[in-house]
Amino acid sequence: MHDYTGFIAAAYGISALALAGLGLWLFLDARARRAELKLLEARGVRRRSTARAEAGAS
C-alpha cells in the first residue's frame, strides 16, 4: 500500500494545482470582461439584449 503513496499524493497535488489555476484564470478573465463591458458602456455601446427588452416593454 505504501508503494503508491507518493504517486497518489502527486496526482492529487497536480490535480489541485490544475483546478486552482483554472479557478484563478476564470476569476481574472471574468474581471477583465467586466472591465471591458464597463469601458464599452462608457463609450455608449449598449447591449442588444437591453434594447430588445426595452422595445418589448413598450
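Residue numbers count from 1 along this sequence. Just so you know, these numbers come straight off a predicted model, no measurement behind them.
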Atom pair CG (Leu28) and CG (Leu24), whose distance is rounded to the nearest 0.5 Å: 4.5 Å
All salt bridge (Lys or Arg N to Asp or Glu O under 4.0 Å) counterparts of Arg33, not counting sequence neighbours: Asp29, Glu36
For the student: nearest non-hydrogen atoms of Arg46 and Glu41, plus distance: NH1-O, 3.2 Å
Which residues share a side-chain contact (heavy atoms from CB on, under 4.5 Å) with Leu17, sequence neighbours left out: none
Hydrophobic cluster (4.5 angstrom, side-chain heavy atoms) - remaining members for Leu19: none
